Number of protein chains: 2
Amino acid sequence: MRRMPTVKDVAEQAGVSVGTVSRVLSGETSVKPSLREKVNDAIAVLGYRPNVTARALRTSRTEVIGLIVPDITNPFFAQLAASVESAARERSHTVMLASSHNDPEAERHHILAFLDRSVCGIIVAASSGRSDLPLELPVPIVSLDRRFGNYALVSTNHAQAASLMAEHLYVLGHRKIAYIAGPPDTEAARVRREGFINRLAELGKTAGPADVTILEGKFDYDSGERIARELLSLPPADRPTAIAAASDQQAIGALRAARDLTIDVPRKLSIAGFDDIALAKLVVPRLTTVRQPVEKLAARAVEFLFDQPVLATDEMIDGSLVVRGSTGPAISMKPDEIRKQHRKRPDDAAANKE
Amino acid sequence: MRRMPTVKDVAEQAGVSVGTVSRVLSGETSVKPSLREKVNDAIAVLGYRPNVTARALRTSRTEVIGLIVPDITNPFFAQLAASVESAARERSHTVMLASSHNDPEAERHHILAFLDRSVCGIIVAASSGRSDLPLELPVPIVSLDRRFGNYALVSTNHAQAASLMAEHLYVLGHRKIAYIAGPPDTEAARVRREGFINRLAELGKTAGPADVTILEGKFDYDSGERIARELLSLPPADRPTAIAAASDQQAIGALRAARDLTIDVPRKLSIAGFDDIALAKLVVPRLTTVRQPVEKLAARAVEFLFDQPVLATDEMIDGSLVVRGSTGPAISMKPDEIRKQHRKRPDDAAANKE
DNA sequence: CTGAAAGCGCTTACAG
DNA sequence: CTGAAAGCGCTTACAG
């Protein structure tokens, strides 16, 4: 519990003024090498570490980035948080992480708390609720994955990514498809959903229309399981042959439901997710999904904070299809029909992994 | 980007001195009600928010708790982090979260960064590597789940919890058991492992010894999958009838391996985990595991910071067995034998869930 | 009960 | 190139 050494201590030890100490600390080139050396020695001897609080007060600038995610318990956001931290570290910035528990009130609270601590920028993956901040912010802010207020958004190209999945299922011969959407008050959920059905509609003109049912839920396991259970308790003739979900968690929940009802995936039912969380390749069968470019997203969001406010435009990064074991040909289709379909879109395979 | 109002602005607006403003802010009772009201009005009018940086500099005290976890991407720690945040919020404290990526160097770095920001206390779930901090800390620090240095530890009673699992498997008739341990440089891994084999040894004296093989891995999915794959590629006669893992992630990896080798769980092989992460009940079959009392752990760790340094003794909280579908009777055992075993420990059922 | 003043540890014009 | 001094926004003895 000793008192920490200050610039004053260092100055005394080195026989210079505090101004000089401060200058070598900030790397000013104008300091005479002999003094610089003395100061550095003193710093080493005393084990001096600058007081960032004092520095922040003086300069009203810190090297910490505030990050808010809707739910740190969601593996996608955990991954995103880890990636943001890495990206920040590369610029030798620290990140303060807060979880809003999908509560706009908590979100607002955290933003204010960050501001109180004079973070140098804020990245927020918005909660589902309608959120807006009245006051003008003194620091750059950017939305990540889910738009917050009207701030610029760095996200996966959800429409493109979702269309990849629509295509995949259509080409496999599915014509009766259920889509488990995310909460409609999130932009990502809306865009994914539109991307999915629009592509399906387009394709419908080429090789026969597909029938798609949309069910809304949250992004979590439980929603997926509950909704899939409902869908699958329909008489077999009315059931979809494929279920696409707006998140891997939902898809894994759906997998669980199919399993409980002893419906064979992918033989009788295809299930696909969105995100490509670590778990996707561990479930049985392994989950076909769309990969979000998490590291790139995180890196761009961090860069955004530094580049502001020159560019304030949204940025989208393409997702990629990852085909694994949970999707397969539609049951009603004969093998040669499938082959025919596939020939129509030979580039599909390029996007696959594993 | 407006200048934020300060105590001085509030003082002017209210027609009092800054000292008085500060006093009403800190809730001092000595302020005359009429002045207090004026000040509160001024605060409201200006939308004043105290500058926590200045306050921290002056008092060298903040209301933020630093939390370091080895890997935020691990669902157990994500859950732990969320719980710590809740507990902190109840005391109107904020938490700064950092992930060490299991790197003692990063861990050290983060602790110093926290200290630089004068957090009021630090909770650390230690990385696997040998970690120690030379300097005396100016704030209380407590280990959570995994001991850091020599600091007091709040953790699940790993020995008790692991013994619960040993018992469960033994009673089911398993006599050839593999244990996937965690990294031996973590205390939790060592204690779980000892708790498991000790209890098995004890039971061995009552109804015949059990043969247990120990394999070491990390706590993650991949380790579990890799180790299980090795184990299960032995000739059937040499295979264990049950695999217990030191984490749910390992167990889920093992489940995956069993599935790939088309070994029926729990018919031919029982698999059990440790933690009870959200996912445990979603895998197929649902995972039998030991639940760690995450909320209680988090709450105690936070309290610890406030009570320090009066008590500096370790605190352990019991875990509980959660029996689901991934464990069953050993294949070699006849049903009536199992029933007999179960009668010996009728209290076992009380711990079960679902 | 309240105001004036010192000081937390820095940084940064301003002189020299 | 370097030192002395002001000041960031608070809190808290110290007077009165």
Side-chain angles (χ1 to χ4, degrees), chain A residues 1-40 42-43 46-64 112 115-120 138-139, chain B residues 1-40 42-43 46-64 112 115-120 138-139:
Chain A
M1 299 260 192
R2 265 175 45 252
R3 191 176 66 79
M4 292 265 124
T6 72
V7 270
K8 207 171 150 200
D9 299 317
V10 175
E12 256 167 38
Q13 171 85 16
V16 298
S17 74
V18 295
T20 301
V21 173
S22 181
R23 280 186 272 264
V24 343
L25 245 27
S26 68
E28 257 182 54
T29 54
S30 59
V31 182
K32 205 190 292 176
S34 66
L35 287 194
R36 173 185 306 282
E37 198 175 334
K38 275 191 203 166
V39 170
N40 282 326
I43 287 175
L46 300 176
Y48 168 77
R49 292 178 64 90
N51 179 321
V52 293
T53 303
R55 184 176 285 173
L57 178 58
R58 182 57 229 254
T59 64
S60 56
R61 190 143 303 260
T62 59
E63 308 212 306
V64 1
L112 292 174
L115 258 22
D116 287 347
R117 313 222 138 67
S118 22
V119 296
C120 68
V139 298
Chain B
M1 298 261 193
R2 266 176 45 254
R3 191 177 65 79
M4 291 264 123
T6 71
V7 270
K8 207 170 151 199
D9 300 317
V10 175
E12 257 166 38
Q13 171 85 15
V16 300
S17 74
V18 294
T20 300
V21 174
S22 181
R23 279 186 273 264
V24 343
L25 245 27
S26 67
E28 256 182 54
T29 55
S30 57
V31 183
K32 207 190 291 178
S34 66
L35 288 193
R36 173 186 307 281
E37 199 174 332
K38 275 191 204 168
V39 170
N40 283 325
I43 287 175
L46 300 176
Y48 169 77
R49 292 180 63 91
N51 178 321
V52 293
T53 303
R55 183 177 283 173
L57 178 58
R58 181 57 230 253
T59 64
S60 58
R61 192 143 303 259
T62 60
E63 308 212 306
V64 2
L112 292 175
L115 258 21
D116 287 347
R117 314 219 138 66
S118 22
V119 296
C120 68
V139 297

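The shown structure was predicted, so the numbers you read here are calculated from the model rather than taken from an experiment. Chain letters run A, B, ... following the sequence lines, proteins first and then strands; every chain starts at 1.
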Among C:dT2, C:dG9, C:dC10, which is the nearest nucleotide to the side chain of B:Ser30?
C:dT2
Pick the nucleotide of DNA chain C nearest each of B:Thr59 and B:Gly15; which residue has the one closer to the 5' end?
B:Gly15
Does the pair A:Val21 and A:Leu25 meet the rule for a side chain to side chain contact (heavy atoms under 4.5 Å, CB included), with working shown?
CA-CA 6 Å; A:Val21 173; A:Leu25 245 27; 4.2 Å; yes
Using heavy atoms to find the nearest nucleotide of DNA chain D for B:Asn51 and A:Leu35 separately, return the residue whose nucleotide is more 5′.
A:Leu35
B:Lys32 side chain: which of D:dT2, C:dC10, C:dC1 is closest?
C:dC1
Please state whether the phosphate of D:dG9, meaning OP1 or OP2, lies under 4.0 angstrom from any side-chain nitrogen or oxygen of B:Thr6.
no
Measure from CZ on B:Arg117 to P on C:dG9 and round the result to the nearest Å.
17 Å
Separation of B:Asp9 atom CG from D:dG9 atom P, in whole Å?
9 Å
Toward the 5' end of DNA chain C, by each residue's nearest nucleotide, A:Tyr48 or B:Gly19:
B:Gly19
Distance in angstrom units between A:Leu25 CG and C:dT12 C1', rounded
14 Å
Atom-pair distance (CD on A:Glu12; C1' on C:dG9), nearest Å
14 Å
Quick one: B:Arg49 CZ to D:dC10 P, roughly how many Å, whole number?
12 Å
Quick check: do B:Val39 and B:Ile43 have side-chain heavy atoms less than 4.5 Å from each other?
yes
Watson-Crick or G-U wobble partner of C:dG16, both distances under 3.5 Å
D:dC1
Quick one: does A:Arg58 reach the base of D:dG9 with a side-chain donor-acceptor pair under 3.5 Å?
no
Side chain of B:Arg23 - closest among D:dA5, C:dG9, D:dT12:
D:dT12
Within the 4.0 Å heavy-atom criterion, would you say A:Val52 contacts the bases, only the backbone, or no part of the nucleic acid?
nothing
Evaluate whether atom CD of B:Glu37 has more than 12 neighbouring non-hydrogen atoms of other residues, nucleotides or ligands under 6.0 angstrom away.
no
Side chains of A:Arg117 and A:Val64, heavy atoms from C-beta outward: is any pair under 4.5 Å?
no
Closest of C:dT11, D:dG3, C:dG9 to the A:Val18 side chain is C:dT11
Sub-3.5 Å donor-acceptor pair from the side chain of B:Ser26 to the main-chain atoms of B:Arg23, do we have one?
yes
Donor-acceptor check, side chain of A:Thr62 to backbone of A:Ala56, threshold 3.5 angstrom: yes or no?
no
Whichever of B:Ala54 and B:Glu28 has the more 5' nearest nucleotide on DNA chain D, that residue is B:Ala54
Has A:Ser22 got a side-chain N or O lying under 4.0 Å from the OP1 or OP2 atom of C:dC10?
no
Any side-chain N or O of B:Ser17 below 4.0 angstrom from OP1/OP2 of C:dA4?
no
Check the distance between D:dT11's P and B:Glu63's CD and give it to me in whole angstrom.
11 Å
In whole angstroms, the gap separating P of C:dT12 from CZ of A:Arg61 amounts to 11 Å
Can you measure A:Lys8 atom NZ to D:dG3 atom P for me and round it to whole angstrom units?
16 Å
